[in-house]
Amino acid sequence: MANLPQIAVVGAGIFVKTQYIPRLAEISDLVLLKYIWSRTEESAKGAVELAKKHFPAVECKWGEEGLQDIIGDDSVLGVAVVLAGQAQVDMSLKLLKAGKHVLQEKPAASNIGEIESALAGYNSICSNPGQPIWAVAENYRFETAFTEGKRLMADIGDMMNVQVIVEGSMDSSNPYFPSSWRRSFKGGFIVDMGVHFIAGLRMLVGCEIISVSAITSHADKTLPPPDIVSSNFNLENGCSGVFVLVVSSRSPKTFWRVVGLKGTVQVERQKQDGKHGYMVLFYGADGKCKSSFYPFCGVNEELKCFVHDISKATLKKESAYEAEPRSSFVEGARDVAVLEAMLESGEKNRSLVHVKKF
């Protein structure tokens, strides 16, 4: 136990309690959770109480003094930052400057300006080899379904068209519905939810989105505007596609579909045998369909990858270590950039907007 890499979690909200603690418990043979921090003592203690079932020695920290305790503890190699979207970049940079590896929850940043400032700050920290890893947790790039979908893309021939349709379920029954930070965040639920779907899209097609033309609208007045985006997009390989995101629908459905000259790949969110996950369908040149179901595993795989990376980076402290690119801050930034371009196009009455490159 003493030889396991030790990490801290900064944040004690819903996602920490329902995902981080259970998923870290599943890999307790690989990592030790040493601290959970929150702004308030009450919040931190609530999360620690849950975590103690799996990590009996986990400690509770809160406020500035508690944060400094984590920063000053050299045994803590990495920190998961799971805070309100507006606060995450500043907290991540503070920890990175202190030499901690960081896994920051999505979105990578609130806008392009914050991304540029964040990258400048991070690059100034990383001027020498052996500097800390900054990963962003979006988890879709770690789902087995998307790994398999990407593999099958080699068999569809030249890409002809791409469709991403998302009909979400963000209503009053969803625990994130009352979230104040998402309601004061520019782009709100579109950005917070949308980075997942853009990540899945970019992973499947294997190339960048260079420009978009979008319509945005506001239908559900219980949600912040906009709550609908309908966009055409152009890929750097010359293919085009459509991206539709409806934040709240009575009939939730999500799928990515890539049509090629020789076949089609579709990844669709489904439930099978009581498990939530994705159905991956491949339509070959013969018209026959092959399908496989993959339960959700992205958060678990992402955490395992981060633990592996920080362990390896610590062993190679005096030399450069190349962390898993799927979780890099830049990948998360590229997802935000696509959505910001769509929102900008919507504000400009469907004008063509080029996606900022990172």
Side-chain angles (χ1 to χ4, degrees), residues 10-11 79-129 131-138 140-141 181-182 184-199 201-203 207-214 216 224 226 229 231 233-236 243 306 309 320 322-348 351-358:
V10 167
V79 181
V81 175
V82 195
L83 300 172
Q86 296 91 330
Q88 294 197 126
V89 168
D90 287 345
M91 178 63 78
S92 294
L93 286 170
K94 187 173 188 176
L95 292 162
L96 289 162
K97 287 174 183 175
K100 304 298 185 188
H101 300 294
V102 169
L103 175 65
Q104 177 198 307
E105 259 304 314
K106 55 81 185 172
S110 57
N111 54 55
I112 298 297
E114 188 176 39
I115 289 170
E116 292 175 334
S117 176
L119 284 172
Y122 183 48
N123 290 336
S124 70
I125 298 168
C126 297
S127 55
N128 298 311
Q131 292 304 301
I133 295 164
W134 191 358
V136 171
E138 287 184 350
Y140 276 42
R141 276 182 274 267
W181 77 258
R182 291 172 176 86
S184 58
F185 199 79
K186 185 182 178 184
F189 289 102
I190 292 286
V191 173
D192 182 54
M193 295 166 59
V195 288
H196 286 308
F197 310 122
I198 297 297
L201 164 61
R202 291 180 50 243
M203 182 171 177
C207 63
E208 296 303 328
I209 299 166
I210 59 172
S211 62
V212 302
S213 175
T216 54
V229 59
S231 179
F233 61 82
N234 298 303
L235 299 174
E236 60 186 355
F243 176 90
F306 180 66
D309 276 347
E322 188 173 340
E324 169 58 61
R326 286 179 293 173
S327 56
S328 70
F329 181 85
V330 169
E331 281 298 317
R334 289 168 180 158
D335 297 329
V336 172
V338 172
L339 289 161
E340 182 157 321
M342 289 178 180
L343 292 170
E344 181 183 343
S345 176
E347 291 172 352
K348 294 181 176 178
S351 294
L352 186 70
V353 174
H354 290 275
V355 177
K356 175 74 176 180
K357 293 183 178 180
F358 291 103

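Counting from 1, the numbers follow the sequence of the chain as shown.
Here the side chains of V102 and P132 are not in contact, with every heavy-atom distance at 4.5 Å or above. Residues N111 and K186 have side chains not in contact (no heavy-atom distance under 4.5 Å, counting atoms from C-beta outward). Within the 4.5 Å cutoff, side-chain heavy atoms of V191 are placed close to those of L343.
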For residues 207-214, dump all side-chain donor-acceptor pairs below 3.5 Å to protein atoms at least two apart in sequence or in another chain.
residue : atom : partner : partner atom : Å
E208    : OE1  : R202    : NE           : 3.0
E208    : OE1  : R202    : NH2          : 3.4
E208    : OE2  : R202    : NH2          : 3.0
S211    : OG   : N234    : ND2          : 2.9
S213    : OG   : R350    : O            : 2.7

Would you list the atom pairs, donor with acceptor, under 3.5 Å between side chains in residues 112-119 and any protein atom, with sequence neighbours excluded?
residue : atom : partner : partner atom : Å
E114    : OE1  : S110    : N            : 2.7
E114    : OE1  : S110    : OG           : 2.7
E116    : OE2  : K356    : NZ           : 3.2

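Side-chain N or O atoms of Q104 include one that pairs as donor or acceptor with a backbone N or O of P107 at under 3.5 Å. Under a 3.5 Å cut-off, the side chain of E324 and the backbone N or O of D309 do not form any donor-acceptor pair.
The minimum heavy-atom distance between F243 and I198, with the atom names listed, is CE1-CD1, 3.6 Å. When every heavy atom of S351 is checked against every heavy atom of S345, the shortest pair comes out as O-OG, 2.6 Å. Residues P226 and I190 share a closest heavy-atom pair of O-CG1, 3.3 Å. Heavy-atom minimum distance, G346 versus T216: CA-OG1, 3.6 Å. Residues K106 and Q88 come closest through the heavy atom pair O-NE2, 3.6 Å. Counting all heavy atoms, side chain and backbone alike, A108 lies closest to V336 at N-CG2, 4.1 Å.
Rounding to the nearest 0.5 Å places CE of M203 at 13.5 Å from OH of Y140. Rounding to the nearest 0.5 Å gives a distance of 6.0 Å between NZ of K97 and OG of S124. Atom CZ in F189 sits 6.5 Å away from atom CZ in R182 (nearest 0.5 Å). Expressed to the nearest 0.5 Å, how far CE of M91 lies from CG of L96 amounts to 11.5 Å.
Screening V89, L95, D90 for a side chain to side chain contact (heavy atoms under 4.5 Å, CB included) involving V81 leaves a single residue, L95. Here the rule is side chain to side chain contact (heavy atoms under 4.5 Å, CB included) with L339, and of V229, V195, D192, V355 only V195 fits it.
Ring planes of Y122 and W134: perpendicular class, angle over 60° (limits at 30 and 60°).
For F185, the ring-ring contact (aromatic ring centres under 6.0 Å, His included) partners are W181, not counting sequence neighbours.
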